[in-house]
Amino acid sequence: MALHIYNSYTRKKEIFESITPGYVGMYVCGPTVSGESHLGHARPYISFDVVYRYLTYKKYKVRYVRNITDAGHFEEEGKEAEDKVSKKAQIEKLEPMELVQKYTNLFHWAMKQFNCVEPSIEPTATGHIVEQIVMIEDIISKGYAYEVNGSVYFDVKKYAASHDYGKLSGRVIDELLDAGNREDVSRELDGQQEKREAADFALWKAAPPEHIMRWKSPWGDGFPGWHIECSAMATKYLGSNFDIHGGGMDLLFPHHESEIAQSTICNHSAPVKYWMHNNMITINGRKMGKSYNNVIKLTEMFSGNHPLLTQAFHPMTVRFFILQSHYRSTLDFSSDALSASEKALKRLWDAYEVLKNLPVSNTTSPTDAELDSKITNWLNEFEIFMDDDFGSPRVIANMFEIAPIINSLKDGLIPFDAISASTLQKMKDSFHVFLEDVFGLTNVNDQNNELLNPIMQLLLDIRKEAKANKDFATSDKIRNQLTQLGILIKDDKEGNTTWGVA
RNA sequence: GGUCCUUUGGCCGAGUGGCUUAGGCAAAGCUCUGCAAAAGCUUCUACAGCGGUUCGAAUCCGCUAGGGACCUCCA
């Protein structure tokens, strides 16, 4: 089965065929580093990390570009929505770039916690002012943008006359053009008066004197509009046509719609073959976002320091939680749901550790052919499900089907010759590839170290001796006190004991 | 107001025409165990409501009700 991807642009699942065989260009809208990343931000970066990893698994050479939006270039500049970066900088008395650096570092830290692969290129908006200016000049020269009072706007009406503006987001162009006249749109958008049409969007904004972040341009001092950075940087690093563009669903309009318009004018063709959009993480059914005042920052997730959290959550728990739902579904956050994922991941990972240590026999003809073929089928479905628009939840479900079998093999409840050696080997290989390489999960309990292991072994030996002498007071003392320290003791059927962090 | 999406068992969450009682968590019982834990087994069989299409629908269509997203910065 070939990889199928749901294309937001056509609203259909399509067979994935890269533009250049063997290579994939992928652009994902990165964070605006004017504040701390929250749980909602984790969704796209983890989802597209898995996309990247899976494409790599499929032997594609992927160039993964994810930008850092570090220029305060917010299209709307009303009373509140002035350049967020510079505004906050004044409050915190920091240089804008100092603030940007701080949150960029924090973002990178979080990505590392999540075990996200670093993008091939991580361009910054401030590092590509020149490219953006050149692109804007190009759009002006082609007649699709106009300058007013030092600002430049994209002429949506003119573009829409010959192009399909609104197709990606399902907007109706007449309504967009008419938006300025509707009575329900009472917002006072800055620059609305100087725009020819309400639907026009800014390519370059003139900076008022107090605006700290500013660059020289042919139109005077200012800063780039919101959408142009992605067009400029995607074109620079991936070319006029590239394979995948990802981002959150909330970016469909106006951001991605505008990106298409800009790039189409400059490059004479639609920029992206497959548009992918992840859905939102909700909290009590409502999107997590600054505007709703319901965000849980990642630092709060990892520390448990938030009223809605009953405990701290490991980054891997969050990652697993996200992978347990499909990237195009909304995912409702709750502390209980996270706790459930935490336990589930532990169970799955424990089984995986057991699997890794199972000896591969030389069984060629399994005594339980039915079980053997069931397992084979579940394993084969790993790739089939992933090929179907990255169906990670179904892969995980299959892993849970296999987990009890692994444990039963270990405990001797299922004899080793029940399944063939090749099937067992395939289990080991598939679990490794999908759990670690594709899903990017890692061992949560990596506290094992050279000092601790021998000490634990010593304690377990003492406990074993005590048990042999029926000195249960001592053996229970060891077990109970270790439990209090957060270390679980597990006795198996053969009298062997293993331990793990709770 | 416009456009679009969504509604699954105690909770989270897959699944889109007929056989997945998906899976996880929780709960209960059992096995194992010195007792536990872990593990294994078993039970808990849902698809908002109404109508339609069909031999057959959670799955397609319509209506009703609830929820949500976008239309403005937003992952």
Decide ring-ring contact (aromatic ring centres under 6.0 Å, His included) for A:F107 and A:Y45; before the verdict, give the C-alpha distance in whole Å, the side-chain angles of both, and the deciding distance to 0.1 Å. CA-CA 11 Å; A:F107 172 72; A:Y45 305 130; 5.3 Å; yes

Where RNA chain B forms runs of at least three Watson-Crick or G-U pairs (i with j, i+1 with j-1, under 3.5 Å), the stems are B:1-7 with B:65-71, B:10-12 with B:23-25, B:27-31 with B:39-43, B:48-52 with B:60-64

With rounding to whole Å, what would you report as the distance between B:C63 and B:G56 at their C1' atoms? 23 Å

Span that lies between the P atom of B:U20 and that of B:A37, in whole angstrom: 35 Å

Looking at A:T32, I'd like to know whether one of its side-chain N or O atoms comes within less than 4.0 Å of OP1 or OP2 on B:A75. yes

Quick one: is B:C70 close enough that its OP1 or OP2 comes under 4.0 Å of any side-chain N or O from A:K287? yes

Stacked pair A:Y45-B:A75, distance under 5.5 Å, angle under 30°: no

Establish, from distance only, whether the side-chain atoms of A:N67 and A:T69 form a donor-acceptor pair under 3.5 Å. yes

Measure from CE on A:M288 to P on B:C70 and round the result to the nearest Å. 14 Å

At under 4.0 Å between heavy atoms, how does the protein contact nucleotides 3-18 of chain B? Give one character per nucleotide, 5' to 3', with B, S or -. S--------SSSS---

Do A:E36 and A:Y103 have side chains that approach each other closer than 4.5 Å (heavy atoms only, starting at C-beta)? yes

Ring centroids only, cut at 6.0 angstrom: are A:F431 and A:F439 within range, meaning strictly under it? no

